[in-house]
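Here the structure comes first, spelled out in structure tokens, and everything after it is commentary.
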Amino acid sequence: MASKDRDRIRQLREEANALRKKEEARKRRSRMFAQLGIVAGAVVVIAALVLLVVMGPKWFSNQVTPSAEGEIELTNSAGEAVSLPIRVEEDGGVVVGSDDAPAKLDYYFDFSCPHCQDYHTAMESSYEQVIADGDVQVTYHMIRFVQDYGQYAGSATAGVISADPSLFYTVVNGIFSVPAETQVTWGYSDYASYVQTLGFTDEEVIQNIADGNYGGWISDNTQRAREDGISGTPSVAVNGTLLETVPASLDELLDAIGAEPAATTDSTTEPTATTGN
């Protein structure tokens, strides 16, 4: 009888242990699924926040797509002022120069890219010269690859040139002259204030700049650039072919677009021989 009781007790204990292990396994699964749910939810929230940062200006503001035509004055290699066509295209380009130019160049830059700032300082006058000489038509693409203020600065430029394309170089030069450590603290409203110091006075456009209403245009430009194979800035393509390195001098730029250096007048004269005593 005692043996049967012991067997019965052992069986009950085994059944209890089995139930306990089953319950513990169920709780572990529940905790695992809960943790997975938290992780998945966090991923969704992060993705939503990223999407909101990228697309928010386009979704929640009164987006404006700049489009304008006009003329801009540049100086050619002979030192002469030349009036040239400029247009702002809805698909993201600011086109400067004659449509009849023998070469077409696409120039991608980001206001928040330190390399772009250095490159602009070193080479912009060369680009302006070859445009003025009629050697090339340049399409400038303002994009944002590096920091948020690249989008804000590009948006401000877009607003200004939508009203007055002739101010393109004025606003680009002005923004690039502001130190990066200053611009990194700026938002849309700061750029709206800054363009007024450059002589821009259109109140409606200034308000649109402050409201970020050109941000979607810069986002679209950036997406198109990525789709075109642009992975960094500054980048340059000539007649549709992306260059491995950007031209670093006027001679390299002329070579890239297949243009000859401007003729120069040699003012030196041969010394007159004299006979000493």
Subject >> Qualifying residues under salt bridge (Lys or Arg N to Asp or Glu O under 4.0 Å), relative to Arg31, sequence neighbours excluded >> reply: none

Original post:
With Phe111, which residues qualify under ring pair (Phe, Tyr, Trp, His ring centres under 6.0 Å), at least two apart?
Top reply: Phe109, Phe176

Original post:
Between Thr75 and Gln129, does any side-chain donor sit less than 3.5 Å from a side-chain acceptor?
Top reply: no

Original post:
Looking at residues at least two apart in the chain, or sitting in another chain, which of them share a side chain to side chain contact (heavy atoms under 4.5 Å, CB included) with Ala25?
Top reply: Arg28, Arg29

Original post:
Applying side-chain hydrogen bond (donor to acceptor under 3.5 Å, both in side chains), which residue pairs with at least one partner in residues 226-240 are found, sequence neighbours left out?
Top reply: Gln223-Glu227

**OP:** Let me know which of Tyr194, Tyr152, Tyr214, Tyr149 forms a ring-ring contact (aromatic ring centres under 6.0 Å, His included) with Tyr188.
**Re:** Tyr152

Original post:
Is there any salt bridge (Lys or Arg N to Asp or Glu O under 4.0 Å) pair reaching into residues 101-110, and which pairs are they, with sequence neighbours excluded?
Top reply: none

Subject >> Working for salt bridge (charged side-chain N to carboxylate O under 4.0 Å, His left out), residues Glu89 and Arg87 >> reply: CA-CA 6 Å; Glu89 298 187 329; Arg87 65 178 180 271; 2.9 Å; yes

Subject >> Results of side-chain hydrogen bond (donor to acceptor under 3.5 Å, both in side chains) for Gln207 - residues two or more places apart only >> reply: Asp211

**OP:** Indicate whether the side chain of Glu90 and that of Thr65 have a donor and an acceptor atom separated by less than 3.5 Å.
**Re:** no

**OP:** Decide if atom CD of Glu69 counts as having more than 12 heavy atoms of other residues, nucleotides or ligands within a radius under 6.0 Å.
**Re:** no

Counting only pairs under 3.5 Å, give me each side-chain donor-acceptor contact of residues 179-187, with atom names and distances, residues two or more places apart or in other chains.
unit_1, atom_1, unit_2, atom_2, d
Gln183, OE1, Tyr191, OH, 2.7
Gln183, NE2, Ile175, O, 2.8
Gln183, NE2, Val178, O, 3.0
Thr185, OG1, Thr182, O, 2.6

Subject >> Any residue meeting salt bridge (Lys or Arg N to Asp or Glu O under 4.0 Å) with Glu252, in chain and number order, not counting sequence neighbours >> reply: none

Original post:
Taking only residues two or more places apart in sequence, or in another chain, which ones meet Glu244 in a side-chain hydrogen bond (donor to acceptor under 3.5 Å, both in side chains)?
Top reply: none

Original post:
Of all heavy-atom pairs between Ser112 and Gly150, which one has the smallest distance, and what is that distance?
Top reply: CB-N, 3.6 Å

Subject >> Cluster check Trp217, Ile143: I/L/V/M/F/W/Y, side chain < 4.5 angstrom >> reply: no

Subject >> Within residues 122-148 or reaching into it, pairs that qualify as ring-ring contact (aromatic ring centres under 6.0 Å, His included) - sequence neighbours excluded >> reply: Tyr107-Tyr127, Tyr107-Tyr140, Tyr108-His141, Tyr140-Phe168, Tyr140-Tyr169

Original post:
Taking only residues two or more places apart in sequence or in another chain, which ones pass side-chain hydrogen bond (donor to acceptor under 3.5 Å, both in side chains) with Asp190?
Top reply: none

**OP:** Name all residues meeting the side-chain hydrogen bond (donor to acceptor under 3.5 Å, both in side chains) criterion together with Gln137; count only those two or more places apart in sequence or in a different chain, and write none if there are none.
**Re:** Asp99

